[in-house]
Amino acid sequence: MKRLHEVIEVPRSCAEAFRYTANFGLIEQWDPGVTESEKLTPGALAVGSRFRVVVKAGLGTSEMHYTITRFEPPHRVVLEGKGGAIHAVDDIRFVEAGGTTRIDYMADITLGGAAGRAEFLLGPVLERAGKKAMAGLKKALTLESAPPAESCTRDLLDRMVLPGALGFTRFGYEHRSKAWRPITESLEGRTAIVTGATSGLGRVVAEQLSNLGARVVLVGRNQEKLEQAVRQIAEATGNCNLAMERADLSLMSEVRSLAQRLLREEQAIQILINNAAVLPLQKSQTAEGLETAFATDLVAPYLLTRLLIPRLRESAPARIINVSSGGMYLSGVDLDELQNPQGRYDGARAYARAKRGLMILTELWAEELRDSGVVVNAMHPGWADTPGVQDSLPGFHKLTRLVLRTPEQGADTIVWLAAATEAGSVSGKLWLDREPHLAAILPGTEGDRAQREQLMEKLARVAA
């Protein structure tokens, strides 16, 4: 048997360090000797929680299965791992003192077969692997103090259009994500409102925020889908601090009712994610006489945010995240065309125009809320393979399906903007893959000051 023993100190609370480290489904984020990891049992961590971990073994890999055998949050967890000729017992202890946590990590590793006979040779290799793992854990639990800076090179690629568009694919995500710090923050005690939360990006975001400990309020149109999403998220994460609100966001009367319920039920709101959107194939009007894409994609987030801003201010630090689209780059904000009053209807153009308007609102709200403790940002998920894309853009989906991102990849920056410490210090930006990008690449599409003020005035009138 070979015993490995390493001690590190991290600038996190004991509860946060324990919550992250004990979940071996995340171990690939910090242990360079692990190529894959996943949590096999749903629900909260507990004795009996099982994990699949694929570790590097010479020129190949070896699959191990770990089980929590002792669980004493937030001070101790013991896991037993078995796989091939390897048997491991990892005993991890946490002690908090002076705002930092000492992690005492001991692993007893028994090698069978030929590996066991060569243990005297493999011992130094295992020790080096253990030191690298602990260095990785310390890095993961050390928070960034500042968000990524703007980049002239990135701006140039955006302006060249094609290189920028290539970055929207899964290859862009895979390239950029290699250097990221995992999201290790805890959102316990924070409440997040997620619109469009029953499928696609919103569904992923709701589950990931729940997994970080947040109270999540899912907003959707379909009661059955809401109930199913809440049930599945609770089962998967073990976090039952979930609520659902049914609302058709194409109708401003329902948006107002939703806001009233939220203000009545939620004493604090720290995160608002305006994700719900539609891309109609044909022109249609709501029962209130508004063009459907305009109402759902622009007026609704405007009205909901305006009504919730007072509560967000009271709950600060707080964050507003608006989900945008790459189509926005090709559109300006023509105040006379917001509801597509004439000519042949183009759903993609209506969608892009609404998203341009949402980007302008992001920048205006960031100015309005400066120094309030509330930050406002927009994000572009890239080209993600969601039900919305499959249904509304079948031709685009067929053409690009081999390079589309998973919903999890598309949703990553939403979760980062909602949870990461460094993301709370910047406002008024457009983000893609945790990097700030140009909000406009074609002259005139960003709208001048007069157009921006007129847009805000028009939305106020329409939403009244």
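What you are looking at is a predicted structure, and each value in this text was computed from that prediction instead of being measured. If you read the sequence from its start, that first residue is 1, and numbering goes on from there.
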Pairwise distance [atom1]([X]) to [atom2]([Y]) - rounded to 0.5 angstrom:
{"X": "Arg246", "Y": "Leu226", "atom1": "CZ", "atom2": "CG", "result": "8.5 Å"}
{"X": "Leu111", "Y": "Ile86", "atom1": "CG", "atom2": "CD1", "result": "6.5 Å"}
{"X": "Glu16", "Y": "Ser186", "atom1": "CD", "atom2": "OG", "result": "5.5 Å"}
{"X": "Leu404", "Y": "Thr386", "atom1": "CG", "atom2": "OG1", "result": "8.5 Å"}
{"X": "Asp104", "Y": "Met134", "atom1": "CG", "atom2": "CE", "result": "10.5 Å"}
{"X": "Leu438", "Y": "Asp155", "atom1": "CG", "atom2": "CG", "result": "3.5 Å"}

Got a sec, which residues hit ring-ring contact (aromatic ring centres under 6.0 Å, His included) with [X], two or more places apart in sequence or on another chain?
{"X": "Tyr66", "value": "Phe24"}
{"X": "Trp431", "value": "Trp416"}
{"X": "His437", "value": "none"}

Residue list, side chain to side chain contact (heavy atoms under 4.5 Å, CB included) with His65, at least two apart or on another chain =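 Side chain to side chain contact (heavy atoms under 4.5 Å, CB included) list for His65, sorted by chain: Leu40, Arg52, Glu63.
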
Listed partners of Ser324 passing side chain to side chain contact (heavy atoms under 4.5 Å, CB included), at least two apart = Met328, Lys355, Leu430

Minimum heavy-atom separation for [X] and [Y], please, with both atom names.
{"X": "Ala354", "Y": "Asp297", "result": "CB-CB, 3.6 Å"}
{"X": "Ala247", "Y": "Arg221", "result": "O-CG, 3.5 Å"}
{"X": "Leu187", "Y": "Ala418", "result": "CD2-O, 4.2 Å"}
{"X": "Ala192", "Y": "Leu209", "result": "CB-CD1, 3.8 Å"}
{"X": "Ala140", "Y": "Thr184", "result": "O-OG1, 3.1 Å"}
{"X": "Ser427", "Y": "Ala366", "result": "OG-CB, 3.3 Å"}

Would you call [X] and [Y] a side-chain contact if the rule is heavy atoms closer than 4.5 Å?
{"X": "Glu80", "Y": "His87", "result": "yes"}
{"X": "Gln409", "Y": "Glu174", "result": "yes"}
{"X": "Leu358", "Y": "Val323", "result": "no"}
{"X": "Leu304", "Y": "Leu272", "result": "yes"}
{"X": "Leu361", "Y": "Tyr302", "result": "yes"}
{"X": "Thr198", "Y": "Asn222", "result": "no"}
{"X": "Arg319", "Y": "Leu417", "result": "no"}
{"X": "Val375", "Y": "Val426", "result": "no"}

message = Show, in sequence, the C-alpha distance, side-chain angles and deciding distance for Tyr105 and Ile8, and conclude whether the side-chain contact (heavy atoms from CB on, under 4.5 Å) test is met.
response = CA-CA 8 Å; Tyr105 200 124; Ile8 59 173; over 6 Å; no

I'd like to know if the side chain of [X] and the backbone of [Y] have a donor-acceptor N/O pair within less than 3.5 Å.
{"X": "Arg176", "Y": "Gly167", "result": "yes"}
{"X": "Thr195", "Y": "Asn275", "result": "yes"}
{"X": "Arg102", "Y": "Ala97", "result": "no"}
{"X": "Thr413", "Y": "Gly410", "result": "no"}
{"X": "Ser425", "Y": "Ala146", "result": "no"}
{"X": "Ser315", "Y": "Ala268", "result": "no"}
{"X": "Glu28", "Y": "Ser37", "result": "yes"}
{"X": "Ser372", "Y": "Arg313", "result": "no"}
{"X": "Asn377", "Y": "Ile321", "result": "no"}

Under 4.0 Å between a Lys/Arg side-chain N and an Asp/Glu carboxylate O for [X] and [Y]?
{"X": "Arg306", "Y": "Glu368", "answer": "yes"}
{"X": "Arg154", "Y": "Glu435", "answer": "yes"}
{"X": "Glu127", "Y": "Lys131", "answer": "no"}

request  = Evaluate the criterion side-chain contact (heavy atoms from CB on, under 4.5 Å) for residue pair Val415 and Leu212; output intermediate values, then yes/no.
outcome  = CA-CA 10 Å; Val415 178; Leu212 292 173; 4.1 Å; yes

Could you tell me if [Y] and [X] have a donor-acceptor pair between their side chains, going purely by distance under 3.5 Å?
{"X": "Asp412", "Y": "Ser177", "value": "no"}
{"X": "His75", "Y": "Glu96", "value": "no"}
{"X": "Glu227", "Y": "Gln223", "value": "yes"}

ask   = Parallel, tilted or perpendicular: which describes the rings of Tyr173 and Trp180, with under 30° parallel and over 60° perpendicular?
value =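 The arrangement is perpendicular - the two ring planes meet at more than 60°.
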
message = If the test is salt bridge (Lys or Arg N to Asp or Glu O under 4.0 Å), which one of Arg311, Arg261, Arg215 qualifies with Glu266?
response =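 Of the listed residues Arg311, Arg261, Arg215, the salt bridge (Lys or Arg N to Asp or Glu O under 4.0 Å) partner of Glu266 is Arg215.
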
query = Pick from Asp385, Thr169, Asp433: which one makes a side-chain hydrogen bond (donor to acceptor under 3.5 Å, both in side chains) with Arg405?
reply =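 Single pass found, and it is Asp433.
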
task = Might you confirm whether atom NZ of Lys39 has over 12 heavy atoms from other residues, nucleotides or ligands at distances under 6.0 Å?
result =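 Yes.
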
message = Does atom CD (Glu367) have a neighbourhood of more than 12 heavy atoms from anything else shown, all under 6.0 Å?
response = yes

request  = Might you work through the side-chain hydrogen bond (donor to acceptor under 3.5 Å, both in side chains) test for Thr61 and Thr35, ending with a clear yes or no?
outcome  = CA-CA 8 Å; Thr61 59; Thr35 61; 5.5 Å; no

task = Using salt bridge (charged side-chain N to carboxylate O under 4.0 Å, His left out) as the criterion, list what pairs up with Glu446, not counting sequence neighbours.
result =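 Listed in chain order: nothing, the list is empty.
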
inquiry  = Between Leu137 and Asp31, does the side-chain contact (heavy atoms from CB on, under 4.5 Å) criterion hold? Intermediate values first, please.
reply    = CA-CA 7 Å; Leu137 180 58; Asp31 187 343; over 6 Å; no

Derivation and outcome, side-chain contact (heavy atoms from CB on, under 4.5 Å), residues Ile103 and Ile92 = CA-CA 7 Å; Ile103 302 178; Ile92 316 170; 3.7 Å; yes

